[in-house]
Amino acid sequence: MAEVSLRKVVKLFDGGVQAVRGIDLDIADHEFVVLVGPSGCGKSTTLRMIAGLEEVSDGEIWIGGEMVNDIPPKDRDIAMVFQNYALYPHMTVFENMAFGLKLRHFPKDEIKRRVDRAAAILSIGELLERKPKALSGGQRQRVAMGRAIVRDPKVFLFDEPLSNLDAKLRVQMRTEIKKVHQAVKTTTIYVTHDQVEAMTLADRVVVMNHGVIEQVGPPNELYHHPATIFVAGFIGSPAMNFIPARLSNGAGALRIELGQGLSLPVPADRTARYAPHRNKKLLFGIRPEHLTETTRTDKQNLAPITVELDVIEPMGMETLVHFRIEGTPVCARVDPAAGAQAGQPMTLAAHMDQMHLIDADTGKVL
Amino acid sequence: MNTTVAAAVSEPVSRAAPSRWRPSLSRSRKWALWGAYAGLILFAVFFLIPPYYMLVTSLKTSQQIAAIEGNPWALPWPPTVSNWLALFTDTQFPIFFRNSVIATICTVAISMAISILAAFSLSRMRFWGSATLATGVFLCYLIPETLLFIPLFQVVGFLGLMDSMWVMVLVFPTLSVPFCTWIMIGYFQSIPKELDEAALIDGASRLQLLLKIFIPVAMPGIIAATIFAFTVSWAGFLYPLAYIFSFDQMPLTVGIASTMIKADVFQWHMIMSAALLAALPPLVVYAFLMDYYIAGLTAGATKG
Ligand SMILES: Nc1ncnc2c1ncn2[C@@H]1O[C@H](COP(=O)(O)OP(=O)(O)O)[C@@H](O)[C@H]1O
Ligand SMILES: [Mg+2]
């Protein structure tokens with residue numbers, strides 16, 4: 001087990017694609033870090049550079065206090081789980097898991113002990129004599145994880161390990177992966193494009209976009225304090241609403257003007273922070289779950305806005321309502337009992353303590 | 001193999017049993033099955049006629065063959081195995097047989113060793129000119145031996161291999177290696193890259209990757225290539241005919257034709273017996289390898 005550090009890591013592919021553009025990241029021992037971002041943002045490339053499957057174009061990668069730039073994959077003491085499992089098709093489950101140990105000349109009884117232990121953790125004990133072809137997707141995924149566990153490496157690397165599974169199994173295996181990490185505590189770097197997977201698994205989430213890190217932090221911090229409009233929009237589902245806005249000095253207090261005559265008071269504790277941005281083009285950011293019916297008494301600092309609803313989507317435990325402000329589509333989550341009706345006006349409460357103000361030009365959250 | 005086909009055809013029928021449109025579906029299946037059998041039988045008969053004729057002729061004495069009243073297609077009565085025995089006592093058949101076996105074993109071994117290594121590097125290592133080389137390998141295969149045997153005469157003479165059976169070990173691989181390499185490149189390329197990467201991370205060297213992952217996974221391809229190399233060598237005729245003149249150096253193909261046809265006298269009973277026995281090893285090898293080939297095809301699916 002070990003810590004992992006990336007220092008100004010760059011990957012330039014032949015043909016000029018700059019997949020990773022200078023990444024700095026420190027991962028602590030035992031930590032579970034998830035790299036998340038849209039497809040093509042450079043997550044896999046970053047992971048593969050850590051594994052040694054891609055060369056680093058510039059910068060340094062350190063694993064366990066050792067600079068590994070020029071060390072081949074087999075000597076980095078890492079294990080990797082691939083999206084398509086990459087099980088050896090001609091070997092049984094046991095042989096698949098034992099392969100790495102055999103190549104490293106472990107004694108037979110030690111190999112057996114380790115495979116049995118991993119099989120117990122993953123509950124695949126009765127599959128050991130089967131070939132990968134005779135396994136279901138979830139079982140193959142477990143074997144792929146078993147192959148990583150038996151090696152007892154410094155670092156686990158996962159590249160979208162759940163993407164080939166159906167939705168139900170994905171949720172189940174997600175829990176399984178968390179359980180495994182709690183059992184073996186190996187430093188883990190996990191790549192996914194699914195923000196829910198990232199939020200539920202990670203000690204810390206690394207949000208990537210266009211080959212750079214947008215923000216690093218624990219899941220709740222990213223949710224409540226996104227640093228950029230990209231993170232704000234990427235984390236959370238349904239996504240945060242962004243409504244063009246201006247700041248105005250109405251009646252001495254700072255107010256947010258959304259158009260359509262809608263105006264919201266800036267919370268008192270944020271006045272000083274927002275005041276310098278009075279003349280900029282801004283975006284008012286608020287999550288659907290922070291636009292609710294007005295009868296919520298558990299929250300403070302609610303500001304009413306009245307809008308005409310376009311579409312109502314009952315989900316059972318809540319109802320999504322959609323409307324427009326100056327043409328910008330907005331979504332809110334209200335109580336099913338709040339009596340929302342399509343085509344009718346409704347007064348919603350904006351939870352102003354949960355709002356964000358974003359500089360429309362730089363994309364920074366103010 | 002027939003049972004596999006039948007099972008594959010009948011399974012969907014039984015699965016479709018509860019549905020309402022079963023009659024039309026099963027009727028069309030039945031027609032497809034009949035059509036398949038009719039085609040197969042026609043095919044089999046067509047290709048079994050020559051061997052049958054060889055067998056019948058090899059069981060006749062030369063008088064029976066020459067007899068005007070006899071039916072050339074009927075089994076002779078009494079049949080005789082004297083021709084077969086005579087092959088081993090009165091002719092150089094055993095020497096031809098030995099030469100063919102040696103040349104073929106060497107050709108197959110050399111072809112497979114070269115083509116597996118070549119295909120491994122061409123399919124997995126990117127180096128300057130590797131794509132051009134892969135195309136070049138295929139183009140080599142397209143040049144017929146009838147064009148090559150005259151210029152090769154110079155090469156063979158220069159190497160001092162003229163009139164030696166070892167010339168076959170040199171020239172047969174020039175026919176088999178390009179095609180075998182081409183088959184193996186296809187098989188190796190169908191192995192997902194992640195399999196290499198998993199093995200590299202697991203601690204395998206390039207050689208271990210080849211021996212422990214690529215070769216077992218690509219077994220059907222290796223067997224197909226082996227069968228091809230075997231056939232090229234066992235049935236090779238033009239090159240040994242051009243380069244070998246001494247009877248004791250000849251393989252079966254050229255040996256039978258040279259010793260059993262004297263000027264314009266064809267010893268049909270001997271030719272047919274020798275040809276029949278010469279065709280036995282391929283039969284045995286195919287039957288043996290086919291089982292592995294099919295087992296490999298069904299067991300070795302590379303997608304996880
Ligand atoms: N071997 C390669 N050669 C050239 N470009 C590549 C290669 N691998 C990935 N890329 C490019 O690098 C970028 C990042 O890819 P990747 O790391 O796979 O993204 P993801 O975040 O979806 O895993 C993409 O634009 C992709 O097209
Ligand atoms: Mg990826």
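By convention in this document, chain letters (A, B, ...) are assigned in the order of the sequence lines, proteins followed by strands, and residues within each chain are numbered from 1.
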Below 4.5 Å from any heavy atom of chain B, which atoms of Leu53(A) appear? Answer side chain, backbone, both or neither.
-> side chain

Quick one: what part of Glu197(B) sits under 4.5 Å from any heavy atom of chain A, side chain, backbone, both or neither?
-> both

Do other residues, nucleotides or ligands put more than 12 heavy atoms under 6.0 Å from Phe46(B) CZ?
-> no

Exam field: side chain His90(A) to backbone Lys212(B), donor-acceptor pair closer than 3.5 Å = yes

Does atom CZ of Arg7(A) have more than 12 heavy-atom neighbours from other groups under 6.0 Å away?
-> yes

Minimum heavy-atom distance Ala86(A)-Ala198(B), with the two atoms named | O-CB, 4.0 Å

When you look at OH of Tyr286(B), are more than 12 heavy atoms from neighbouring residues, nucleotides or ligands closer to it than 6.0 Å?
-> yes

Between Ile213(B) and Met91(A), does a side chain to side chain contact (heavy atoms under 4.5 Å, CB included) hold up when you go through it step by step?
-> CA-CA 9 Å; Ile213(B) 309 288; Met91(A) 298 184 193; 4.0 Å; yes

Give me the one residue out of Arg151(A), Lys74(A), Arg76(A) that meets side-chain contact (heavy atoms from CB on, under 4.5 Å) with Ile201(B).
-> Arg151(A)

Hey, mind stepping through Met80(A) and Glu194(B) against side chain to side chain contact (heavy atoms under 4.5 Å, CB included) and telling me if it holds?
-> CA-CA 10 Å; Met80(A) 186 154 168; Glu194(B) 286 86 354; over 6 Å; no

Side chain, backbone, both or neither: which part of Tyr88(A) has a heavy atom under 4.5 Å from chain B?
-> both

If you check every heavy atom in residues 96-114 of chain A against those of chain B, which residues fall under 4.5 Å?
-> Phe99(A), Gly100(A), Leu103(A), Arg104(A)

Would you mind checking which part of Asn164(A) comes under 4.5 Å of any heavy atom in chain B, side chain (CB onward), backbone (N, CA, C, O), both or neither?
-> neither

When the 4.5 angstrom heavy-atom criterion is applied to Ala79(A) and chain B, the contacting part is backbone

